[in-house]
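Okay, structure first, notes after.
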Amino acid sequence: MKFGLEHWALSIVLAGFALAAPMRAQDNTMNTLAERYVRLVLAVGQHDADYVDAYYGPPEWRKEAEAEKLPLTEIASRASTLARDVAAAKPPVTADEMTQLRHQYLARQLEAARARVSMLAGTRLRFDEESKALYDAVAPMHTEADFAEVLKQLEAKLPGQGVLIDRYDRFRSRFLVPRERLDAVFKAAIEGCRSRTLQHITLPPGESFTVEYVTNKSWSGYNWYQGNYHSLIQVNSDLPIYVDRAIDLACHEGYPGHHVYNVLLEKNLLRDRGWIEFSVYPLFSPQSLIAEGTANYGIEVAFPRADRLEFERRVLFPTAGLNPSDAAQYYDVLALVDRLSYAGNEAARRYLDGAIDAKAAADWHEKYGLYSRPRAEQRVRFIDQYRSYVINYNLGKDMVAAYIESRGTDRWREFARLISSPRLPSALAVNNARR
Ligand SMILES: [Zn+2]
């Protein structure tokens with residue numbers, strides 16, 4: 001009996017080896033392809049300063065890319081060969097979900113890299129073609145009429161003299177964070193976002209970030225992930241900062257947004273599984289829709305409306321020296337303004353497709369998105385630099401929200417699962433359609 005049991009156990013072990021061997025071969029093939037992909041992304045970065053958003057793989061690979069400085073034609077040719085080899089390495093249907101996801105993700109990220117290389121070489125894509133090629137998604141179309149109802153409600157909520165944007169600006173000026181209180185307000189917001197996140201998501205020990213205040217940028221905040229579980233978060237103080245930006249930025253750039261997203265990718269995919277492709281983050285790729293979408297949706301996960309109002313009243317308004325009794329009214333108005341966010345996509349689409357010029361694009365932001373003039377102009381500079389990337393924020397958030405909320409009521413669990421695995425934007429949409 002004893003012998004029999006051992007023999008039985010040995011058979012299981014042997015069967016395990018028989019099954020594991022092809023999977024190990026699959027992993028080895030993928031690891032080799034992944035290294036070629038990382039080197040390719042680093043090579044593209046030599047032609048496009050915004051492209052490599054984060055890299056914390058072997059430093060010599062970056063040095064080699066810098067020394068080689070491959071021409072775009074050679075990069076395009078290598079990318080095409082790599083795409084063929086990745087297609088040939090498709091795992092069997094019996095492979096586990098993560099193996100399948102890894103392969104689909106690498107293939108699609110590579111496709112986006114090829115599109116970016118083609119753009120750098122001079123190819124002009126229409127806005128929707130570009131967003132599909134780079135971010136695996138297309139934003140819905142809107143007309144002026146789609147924003148009319150929300151604008152009408154705002155007209156009623158913000159009575160007084162002058163045009164709506166001026167009334168909104170005057171109203172907002174009551175919620176400005178004084179420069180000297182900015183850091184204290186941000187620190188309090190970060191603490192609020194971090195403690196809420198840590199109740200639901202385990203982060204590796206030693207994760208940390210640094211906050212810097214910068215000027216003269218086309219964005220309002222940026223997370224530069226450094227690797228080793230560390231982020232550098234930059235906050236742009238060019239324009240006045242209103243109190244709502246504290247939680248928005250702290251959640252979006254920090255917890256549970258970009259910082260947590262990158263930390264979990266590094267921990268779960270790069271370190272635990274050795275998937276080297278996650279040591280590089282090409283900005284113009286489907287990964288950005290997931291990154292921006294989860295960072296924006298994460299604000300609501302960490303701070304559902306009632307919790308947020310309570311925290312704003314009790315902590316942030318007093319820290320900023322503002323009157324807490326105005327908080328509910330402020331957030332009512334902001335919730336309406338948020339419904340105008342697709343006006344920005346529409347302006348970008350028309351502007352990049354050549355239907356309107358930069359001034360008209362700023363006018364659109366002002367009129368239909370309620371951006372103040374300096375903010376509207378900053379936004380057009382952002383579009384000049386990042387183009388169809390704009391869809392990643394609002395469409396990304398809506399796609400992530402629909403996907404997570406279709407999967408049950410435990411938003412934190414689904415959120416953590418989404419940012420711990422390589423999933424493509426189109427896969428979020430497909431899963432939604434099935435439900
Ligand atoms: Zn972001």
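Note that the structure is predicted; figures quoted are calculated from it, not measured. Numbering of residues begins at 1 and proceeds along the displayed sequence. One-based numbering, in listed order, for ligands and for the atoms of each.
Ring pair Tyr225/Tyr281: centre-to-centre distance not below 6.0 Å.
Remark: Lys63 does not engage Glu60 in a salt bridge, criterion side-chain N to carboxylate O under 4.0 Å. Ion pairing between a basic and an acidic side chain is recognised when a charged N comes within 4.0 Å of a carboxylate O; Arg349 and Glu346 show such pairing.
Taking the N/O/S atoms of Glu292 in turn, the shortest distance to the Zn ion (ligand 1) belongs to OE1.
Among the atoms of Glu253, no N, O or S atom falls under 2.8 Å of the Zn ion (ligand 1).
Side chains of Ser231 and Asn223: a donor on one and an acceptor on the other come within 3.5 Å.
If you put the vertex on the Zn ion (ligand 1), NE2 of His258 and NE2 of His252 sit 90° apart, to the nearest 10°.
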